[in-house]
There are 2 protein chains.
Amino acid sequence: MEIKEHVINKMQDTLKIASDATRLKIMFCLLKEEKCVNDIALEINASQSLVSHQLKILKDGEFVKSRKEGTKIYYSLKDEHVRQIMEITLEHVLEDEAHD
Amino acid sequence: MEIKEHVINKMQDTLKIASDATRLKIMFCLLKEEKCVNDIALEINASQSLVSHQLKILKDGEFVKSRKEGTKIYYSLKDEHVRQIMEITLEHVLEDEAHD
DNA sequence: ATATTATATGAACAATCATTCATATTTGCA
DNA sequence: TGCAAATATGAATGATTGTTCATATAATAT
C-alpha cells in the first residue's frame, strides 16, 4: 500500500469520532453558531454529563474548539473539514434515501 | 433541531462503516482499480475471511460495488462520495500532523 | 463425479465504547 | 467565606463490534 499505517489509524480515529449520533447532533447544533454546554444539552435533549463527555472527545479530535466567558464555555465547530465531512455524509445518506 | 433523527442515525451508520482501519485499507486498495477478494487480502495483509466480512459491510453501506467474472468477484468503490470522505478525512489528519 | 479455487457465512471471544450516576472543579456573586 | 451556576471527571455497566476459526457455497476444470 502507498499510504502509511499510522495515517490510516488517524483516519480511523477521526471517523470514529464523527460516527456517533450524539456527537453528530452536537455538531449540527453548532453548525450556525457557538453554544454553551447547557444550551446544547437542552437542544439535543441529552444530559449535561453526556454532552460534556462527548464535547471532550470532539475537542480532542479537533472537531470543535472552545472559548471561555465567565462561568460559561462556548463551543463551536473547528474548521471547514468538519463541515465538509458532515455535508458529504449527509449527501451520501440522502442519495440512498432516494432509491430505497 | 432542524435535522431528522433518522437522518442522523443513517449518518452515524455511514461514518461507522468508514471508521475502521481494515475497511479504510480496503478502500485505499480500490482507489485506482477494481480488485478481487484474494488480491485485496494479499495487498493489505489480512485473512480472506476478514476481507470478505468487511467487504460485505462496505457493500451494504453503499461504499463498494461488485462484479462477478467466472469464479472471481471484483470489487470497486461505489461513487464519488466515498472518495470525497476519504479525501477530506485524509486532509484533516494531515493538517493535524503538521502542528503536532 | 471429484478436486480445486474463490468467496461467503456463522458462532464465539475479546475489546471498545456510549451512557448513567455520583461527585469534583471552577467561576461569579452576595 | 459561602452559595449557586456551569462544566468536567471517574467508575461502572451494557451493548456493539472486529477478528479468528471452522465450515459452507459456488463455479470451473479434469
Side-chain angles (χ1 to χ4, degrees), chain A residues 1 5-6 8-30 33-76, chain B residues 1 5-6 8-30 33-76:
Chain A
M1 241 189 323
E5 186 90 12
H6 96 277
I8 291 276
N9 289 333
K10 282 211 158 192
M11 288 182 70
Q12 169 182 249
D13 296 342
T14 298
L15 289 163
K16 201 149 262 168
I17 289 173
S19 68
D20 174 77
T22 303
R23 291 191 288 268
L24 283 169
K25 285 180 196 170
I26 292 175
M27 291 190 279
F28 273 107
C29 205
L30 299 177
E33 45 181 0
E34 62 174 16
K35 272 167 197 150
C36 62
V37 182
N38 260 316
D39 288 350
I40 298 172
L42 282 172
E43 200 166 322
I44 72 171
N45 204 32
S47 72
Q48 178 271 319
S49 175
L50 177 56
V51 172
S52 185
H53 273 298
Q54 304 304 344
L55 278 170
K56 176 165 174 38
I57 293 171
L58 286 169
K59 197 177 177 192
D60 289 348
E62 315 270 5
F63 279 77
V64 303
K65 57 181 193 283
S66 67
R67 176 179 77 80
K68 198 186 261 186
E69 191 179 306
T71 145
K72 289 186 176 178
I73 297 180
Y74 287 92
Y75 283 88
S76 54
Chain B
M1 243 191 320
E5 185 90 13
H6 96 277
I8 290 277
N9 289 332
K10 281 212 161 192
M11 288 183 70
Q12 168 182 250
D13 295 343
T14 297
L15 288 164
K16 200 150 262 168
I17 290 173
S19 67
D20 174 76
T22 303
R23 291 191 288 269
L24 283 168
K25 284 180 196 169
I26 292 175
M27 292 191 278
F28 273 107
C29 205
L30 299 177
E33 45 182 359
E34 62 174 15
K35 272 166 197 152
C36 63
V37 183
N38 260 315
D39 288 349
I40 298 172
L42 282 172
E43 201 166 322
I44 72 170
N45 205 31
S47 72
Q48 177 271 317
S49 175
L50 177 55
V51 172
S52 184
H53 274 297
Q54 304 304 346
L55 278 171
K56 177 166 174 35
I57 292 171
L58 286 169
K59 197 178 177 190
D60 290 348
E62 316 269 5
F63 277 76
V64 304
K65 57 183 195 282
S66 67
R67 177 178 74 81
K68 199 186 257 185
E69 190 179 307
T71 145
K72 289 188 177 176
I73 297 180
Y74 287 91
Y75 284 88
S76 54

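Each chain gets a letter, A, B and so on, in the order its sequence line appears, and its residues count up from 1. Fair warning: this is a prediction, and the values are worked out from it, not measured in the lab.
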>> Tell me whether the side-chain N or O atoms of A:Thr22 pair up with the base of C:dT19 as donor and acceptor below 3.5 Å, since no angle test is needed here.
In response: no
> Between D:dA11 atom C1' and A:His53 atom NE2, what is the distance in whole Å?
Replying inline: 10 Å
>> So, does A:Tyr74 get its side chain near the phosphate of D:dT7, meaning an N or O under 4.0 Å from OP1 or OP2?
In response: no
> Which of the following nucleotides, C:dT9, D:dG18, D:dA26, is nearest to the side chain of B:Lys68?
Replying inline: D:dA26
> In degrees rounded to 10°, what angle is found between the helical axes fit to the five outermost pairs at each end of the helix from C:dA1-D:dT30 to C:dA30-D:dT1?
Replying inline: 10°
> When the distance from CD1 of A:Ile73 to P of C:dT27 is rounded to whole Å, what number comes out?
Replying inline: 9 Å
>> Is the phosphate of D:dA6 approached by A:Thr71 (side-chain N or O, under 4.0 Å from OP1 or OP2)?
In response: no
>> Tell me every residue that passes side-chain hydrogen bond (donor to acceptor under 3.5 Å, both in side chains) with B:Lys56, counting only those two or more places apart in sequence or in another chain.
In response: B:Asp60
> Residues two or more places apart in sequence or in another chain: which of them pass salt bridge (Lys or Arg N to Asp or Glu O under 4.0 Å) with B:Lys59?
Replying inline: none
> Any idea which of C:dC21, D:dA6, C:dA8 is nearest the A:Asn38 side chain?
Replying inline: D:dA6
> Quick one: do A:Glu5 and B:Lys25 make a salt bridge, cutoff under 4.0 Å?
Replying inline: yes
> Taking NZ from A:Lys16 and P from C:dA18, how many angstroms apart are they, rounded to a whole number?
Replying inline: 9 Å
> For B:Asp60 and D:dG18, what is the distance between atoms CG and P respectively, to the nearest whole Å?
Replying inline: 13 Å
> If you find the nucleotide of DNA chain C closest to A:Gln48 and the one closest to A:Asp20, which residue's nucleotide is nearer the 5' end?
Replying inline: A:Asp20
> Looking at the side chain of B:Ser49, which of C:dT9, C:dT7, D:dT19 is the nearest nucleotide?
Replying inline: C:dT9
